[in-house]
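Reviewing the structure listed below.
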Amino acid sequence: MQKVILINEMDYEIPDIQGYMAGDEDYPVTDLGILRAKITKTDLPSTEDPVILTSPLQRCRMAAEEIFGSAEEEEDLRDAHLGLWQGCGLDEIQEKWPKEYKEWLYNPVMLPPEAETFEHRAQRLENVLLRTLQSHSGDVVVFTHSGIIVPFLSRLQQIPEDKMTSVRIPYGAVSQLEWDGSSLQVISTGEQIIPELSEQLEQLILDHYNVSDTERQRCRTVGEIAYELADRLSETGLLLDADTVRWAARLQSIGGTDPSGAETGSRILETMGYPDEAFAVLNHIDLFFRSIINEAVVLYLANRQVPDKEVLPFPEVFRRDRECSDSTTEDRIAQDTVIINMINTLYGEDLLPLE
């Protein structure tokens, strides 16, 4: 059996226009898309003597080069042309084609005027695969687009066009097929590679975002404090995931340490498939406290104890805050005091001493 691995395009830049129809226009992979390619590389299915084929569009070609070093471009793997709607946003489409736009809202598989048909898209991919499989004895890896992959897989699985939206192919998703010499069998569709967080993956992510060694060490220290605090609080019956808060701490600096950085880092983690860590990173800076002790609260408290390289007990944290006291630090001290008193009450002793 020969394997066929279909890899969807990575996240790419498009004009900042609502509902922009990029079609087969060429735009580069985003920084996040390159990271996704690096992560995809860590856990791709094994292949033997693979031939690597790619759409000529950058969002596939750049990913193929990141993962395999080089790839052969195939024009028939490029994304679908969207006819008269290509290069338009939703406002322009609604203005120029009001009737078709209304129909499209209720039927998302309706094609724009003069767009390439689903059948033609599927046939393009099938032609490339059959030609390659019949001339090459090893496996085949193809980087192409969801607009091509979905019609092709739907046809193989006899899914009618009006049901194609059930086939989800997110950025970087991997679909596997097998070729027995005469036909293709679908093994899996649209699986996004989300490896378990590990030190190796942490290093890959932090290297990608150029996080300094000093900040990495600080975040590791924060992570251990947060892990221990979450683990001990779990003894009281609180539903806290100590591993989640530790990894959130260790990855929190990928977007920066200010509120906008936390938002960026959270978005990266969410998009890469780590929603729990993303929640903690997003909420721990501008903490909206509602008498709930969760991973964001634990991460916030752990960060407060490691302002730089050293670990400080809370009395020392408060002493330093008072030395440069203003309304912001006073509010923060008051918030911390409420949270810590609640934690100590729950735990039944001074888990976080205030004096």
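Bear in mind the structure is a predicted one, so any value in this text is a computation, not a measurement.
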Check: Are Asp241 and Arg246 within salt-bridge range, i.e. N to O under 4.0 Å?
Finding: no

Next item on the list: May I ask you to decide whether Arg131 forms a salt bridge with Glu74, counting only side-chain N to carboxylate O separations under 4.0 Å?
Entry: yes

Next item on the list: Go through the steps for Gln123 and Asn127 under the test side-chain hydrogen bond (donor to acceptor under 3.5 Å, both in side chains), then give the verdict.
Entry: CA-CA 6 Å; Gln123 192 61 53; Asn127 290 344; 2.8 Å; yes

Item checked: Parallel, tilted or perpendicular: ring planes of Tyr27 versus Tyr12, cut at 30 and 60 degrees -> parallel

Note to self: Under 3.5 Å, is there a donor on one side chain and an acceptor on the other for Gln335 and Asp331?
What the structure shows: no

Item checked: Closest contact, heavy atoms only, Pro56 versus Glu75 -> CG-OE1, 3.7 Å

Check: Does a side-chain N-to-carboxylate-O contact under 4.0 Å join Arg232 and Glu235?
Finding: no

Checklist line | Residue Gln192 excluded, over 12 heavy atoms near CD under 6.0 Å | finding: yes

Next item on the list: Could you please spell out the steps behind the side-chain contact (heavy atoms from CB on, under 4.5 Å) verdict for Val245 and Glu277?
Entry: CA-CA 7 Å; Val245 75; Glu277 289 79 7; over 6 Å; no

Margin query: Please evaluate residues Asn283 and Tyr300 with respect to the criterion side-chain hydrogen bond (donor to acceptor under 3.5 Å, both in side chains), reporting the C-alpha separation (whole Å), side-chain torsions for both, the decisive distance (0.1 Å), and the verdict.
Written below: CA-CA 9 Å; Asn283 290 281; Tyr300 166 80; over 6 Å; no

Check: Is any NZ, NE, NH1 or NH2 atom of the basic residue among Glu66 and Lys41 found under 4.0 Å from an Asp or Glu carboxylate oxygen of the other?
Finding: no

Checklist line | Exceeds 12 heavy-atom contacts within 6.0 angstrom, atom NE2 of His136 | finding: yes

Margin query: Please say yes or no: joined through hydrophobic side-chain contacts below 4.5 Å, possibly via intermediate residues, are Met1 and Trp179 part of one cluster?
Written below: no

Check: Roughly how far, to the nearest 0.5 Å, is the CG atom of Leu77 from the OG atom of Ser55?
Finding: 6.5 Å

Next item on the list: Check whether any side-chain heavy atom of Ile7 sits under 4.5 Å from a side-chain heavy atom of Leu44, and report yes or no.
Entry: yes

Margin query: Quick check against the 3.5 Å criterion: does Ser175 have a side-chain atom that pairs as donor or acceptor with the backbone of Gly190?
Written below: yes

Check: Any sub-3.5 Å donor-acceptor pair from Ser234's side-chain atoms to Leu240's backbone N or O?
Finding: yes

Note to self: Heavy-atom count check: over 12 atoms from other residues, nucleotides or ligands less than 6.0 Å from Gln18 CD?
What the structure shows: no

Notebook entry, point to check: Would you say Ile340 and Asp350 make side-chain contact, with heavy atoms under 4.5 Å?
Noted result: no

Item checked: CD/Glu196: more than 12 non-hydrogen atoms of other groups inside 6.0 Å -> no

Item checked: Stepwise side-chain contact (heavy atoms from CB on, under 4.5 Å) test for Val4 and Asp139 -> CA-CA 6 Å; Val4 174; Asp139 297 329; over 6 Å; no

Check: Which heavy atom of His145 sits nearest a heavy atom of Asp79, and at what distance?
Finding: CD2-N, 3.1 Å

Item checked: Close side-chain approach of Arg304 and Asp336, heavy atoms under 4.5 Å -> yes

Next item on the list: Taking Thr42 for its side chain and Lys38 for its backbone only, find out whether a donor-acceptor pair lies under 3.5 Å.
Entry: no

Next item on the list: With rounding to the nearest 0.5 Å, note down the distance linking CZ in Arg78 to CG in Leu57.
Entry: 4.5 Å

Notebook entry, point to check: Do any N or O atoms from the side chain of Arg61 and from the backbone of Thr54 form a donor-acceptor pair under 3.5 angstrom?
Noted result: no

Notebook entry, point to check: Can we say Glu224 and Arg218 salt-bridge, meaning some charged N sits less than 4.0 Å from an Asp/Glu carboxylate O?
Noted result: no

Margin query: When you group the ILVMFWY residues by side-chain heavy-atom contacts below 4.5 Å and let the links chain together, are Leu206 and Val281 in the same group?
Written below: yes

Next item on the list: Assess whether atom CD of Gln203 is packed by more than 12 heavy atoms of other residues, nucleotides or ligands within 6.0 Å.
Entry: no

Check: Looking at OH of Tyr171 and CG of Asp11, how far apart are the two atoms once the value is rounded to the nearest 0.5 Å?
Finding: 6.0 Å

Next item on the list: Following the transitive rule for hydrophobic clusters with a side-chain heavy-atom cut-off under 4.5 Å over Ile, Leu, Val, Met, Phe, Trp and Tyr, establish whether Ile34 and Ile268 coincide in one cluster.
Entry: no

Note to self: To the nearest 0.5 Å, what is the distance between CD on Glu330 and CG on Asp321?
What the structure shows: 10.0 Å

Next item on the list: Decide yes or no for Thr236 and Ile343: does some side-chain heavy atom of the first lie under 4.5 Å from some side-chain heavy atom of the second?
Entry: no

Next item on the list: Would you name the heavy atoms of Asp49 and Ser137 that are closest together and state the gap between them?
Entry: OD2-OG, 4.4 Å

Item checked: Nearest heavy-atom neighbours spanning Leu201 and Pro195 -> CD2-O, 4.0 Å

Check: side chain to side chain contact (heavy atoms under 4.5 Å, CB included) with Asn8: which of Ile169, Val174, Thr144?
Finding: Ile169

Margin query: Quick check on the hydrophobic clustering: are Val150 and Leu177 connected, directly or via other members, by side-chain heavy-atom contacts under 4.5 Å?
Written below: yes

Notebook entry, point to check: Is Asn303 reaching over with its side chain to a backbone N or O of Leu299, donor-acceptor style, under 3.5 angstrom?
Noted result: yes

Item checked: Spacing of Met21 atom CE and Leu84 atom CG [to the nearest 0.5 Å] -> 12.0 Å

Note to self: With a 4.0 Å cut-off on N to O distance, would you call Glu178 and Lys3 a salt bridge?
What the structure shows: no

Margin query: Would you say Gln2 and Asp180 are linked by a side-chain donor-acceptor pair, where the criterion is simply a distance under 3.5 Å?
Written below: no

Check: When you check the gap from the basic side-chain N to the acidic O, do Arg319 and Glu316 get nearer than 4.0 Å?
Finding: yes

Notebook entry, point to check: Going by heavy atoms in the side chains, are Val141 and Leu53 under 4.5 Å from each other?
Noted result: no

Margin query: I'd like to know if Glu126 pairs up with Arg155 as an ion pair, taking the criterion as any Lys NZ or Arg NE/NH1/NH2 lying under 4.0 Å from an Asp or Glu carboxylate oxygen.
Written below: yes

Note to self: Any non-hydrogen side-chain atom of Val186 less than 4.5 Å from a side-chain atom of Leu184?
What the structure shows: no

Margin query: Please give me the minimum heavy-atom distance between Glu100 and Pro113, naming the atom from each residue.
Written below: CG-CG, 4.4 Å

Item checked: Ser266 to Leu282 - nearest heavy-atom pair and separation -> OG-CB, 3.3 Å

Check: Can you find a side-chain donor-acceptor pair between Gln86 and Asp24 that sits under 3.5 Å?
Finding: yes

Checklist line | Donor-acceptor pair, side chain of Gln157 and main chain of Leu153, under 3.5 angstrom | finding: yes

Checklist line | Backbone of Ser253 reached by a side-chain donor or acceptor of Thr257 within 3.5 Å | finding: no

Checklist line | Joint cluster assignment, Ile194 & Met10, ILVMFWY side-chain distance < 4.5 Å | finding: no

Next item on the list: May I ask you to decide if Arg220's main-chain N or O and Arg250's side chain share a donor-acceptor pair within less than 3.5 Å?
Entry: no

Check: Taking atom types as modelled and ignoring hydrogens, do the side chains of Glu103 and Tyr101 form a donor-acceptor contact shorter than 3.5 angstrom?
Finding: no

Next item on the list: Let me know which of Leu251, Asp31, Thr264 forms a side chain to side chain contact (heavy atoms under 4.5 Å, CB included) with Tyr209.
Entry: Asp31

